[in-house]
Amino acid sequence: MSCSMSDTTGNIWTALDGPAIAPSLLSVDFANAAPQIDAVLAAGAEMLHVDIMDGHFAPNLSMGPPVVKTLRAYTDAPLDVHLMVTDPGMFLRPFADAGASSLNFHIEACGHWQTGQIAEARELIGRIRALGLGCGVTLKPETPAEAIATIVASIDFVLVMTVEPGFGGQSFMEKMLPKIRALRGMLSASQRLEVDGGITPRTARQCRQAGADTFVAGNNVFGAADPAEAVDELRRAIEDQ
Ligand code: DX5
Ligand code: ZN
């Protein structure tokens, strides 16, 4: 398991060892967030996943830098910030200043990615590195693994969306499993592979068998009567391989 919960310095992704759980705050009860966060961290969740949506890249609005700032003031836990926005470059520094531990952006938000031109992605990776943060690139369900072949060596982790970005509580897309396997084959042993969307103990286990090591779960954790028990159940599913 895990890096220390008090360790927000350095790159959290390279410090991780073994499967990790990242509860998604998109599903937290915001009027009751503090005890729910305490519960999942006490249960051993390695990080908190923070979904950022601009109402354009994804058909929903969520949180911005002020929310990340309040989270950072509340907890030392690593904050895994997932940028579902049309212009990620605009938000790198604001989220870094707010206290993000890592940033991941969508390859589909980078101009001309479909023709293999990844200059914009390279620039974003360089800027995230210069900010001293962990760096990931994210793929929507329809985007093939090959879309990131030329940049994969320069990032800490890949995030595979296993639902369409936008909402919690959707059903896991089993047809993502071959892509997870393909991406695992493109990554070195020290690079991480995160899955996000419809993750339950059953689907986490499927993803683990396909090569994923980091598991975002929103509805399954914060929608549960006992979020800590939900983290325990996920842990049993992914460590029991
Ligand atoms: C969806 C978000 C997810 C979401 C997952 O666009 O990226 O992180 O919170 O929620 P569940 O686990 O409920 O599918
Ligand atoms: Zn997410």
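Indexing begins at 1, ligand by ligand and atom by atom, following the structure's order. Quantities reported herein were computed from a predicted structural model and do not represent experimental measurements.
Counting only distance, with no hydrogens or angles, the side chain of Lys179 and the backbone of Pro141 share a donor-acceptor pair below 3.5 Å.
Between Phe57 and His106, the two ring planes are tilted [angle within 30° to 60°].
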*Take Phe91 and Val85, measure what side chain to side chain contact (heavy atoms under 4.5 Å, CB included) needs, and give me the verdict at the end.*
CA-CA 9 Å; Phe91 295 105; Val85 300; 4.0 Å; yes
*Between Glu233 and Arg205, is a salt bridge (charged side-chain N to carboxylate O under 4.0 Å, His left out) present by the stated rule, with each step listed?*
CA-CA 11 Å; Glu233 282 176 24; Arg205 179 180 284 263; over 6 Å; no
*How far apart are the C-alpha atoms of Asp51 and Ser24, what are their side-chain angles, what is the distance that settles it, and do they pass the side-chain hydrogen bond (donor to acceptor under 3.5 Å, both in side chains) test?*
CA-CA 7 Å; Asp51 287 304; Ser24 170; 2.7 Å; yes
*asked:* Quick one, Arg129 with Asp156, criterion salt bridge (charged side-chain N to carboxylate O under 4.0 Å, His left out). Give me CA distance, side-chain angles, the key distance, then yes/no.
replied: CA-CA 10 Å; Arg129 293 282 184 222; Asp156 298 310; 2.8 Å; yes
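Here Glu123 contributes atom CD and Ile128 contributes atom CD1; the two are 10.5 Å apart, rounded to the nearest 0.5 Å. If you take OG1 on Thr86 and NE2 on His56, they are separated by 4.5 Å, rounding to the nearest 0.5 Å.
In this structure, ligand 1 sits under 4.0 Å from heavy atoms belonging to Ser24, Leu26, His49, Asp51, His82, Met84, Met161, Pro165, Gly166, Phe167, Gly168, Gly169, Asp196, Gly197, Gly198, Val216, Ala217, Gly218, Asn219.
Around the Zn ion (ligand 2), the protein contributes the following N, O or S atoms under 2.8 Å, ordered by chain and number: His49 NE2, Asp51 OD1, His82 ND1, Asp196 OD2.
When side chains are defined from C-beta on, Phe215 does not count as touching Asn220, because their heavy atoms never get closer than 4.5 Å.
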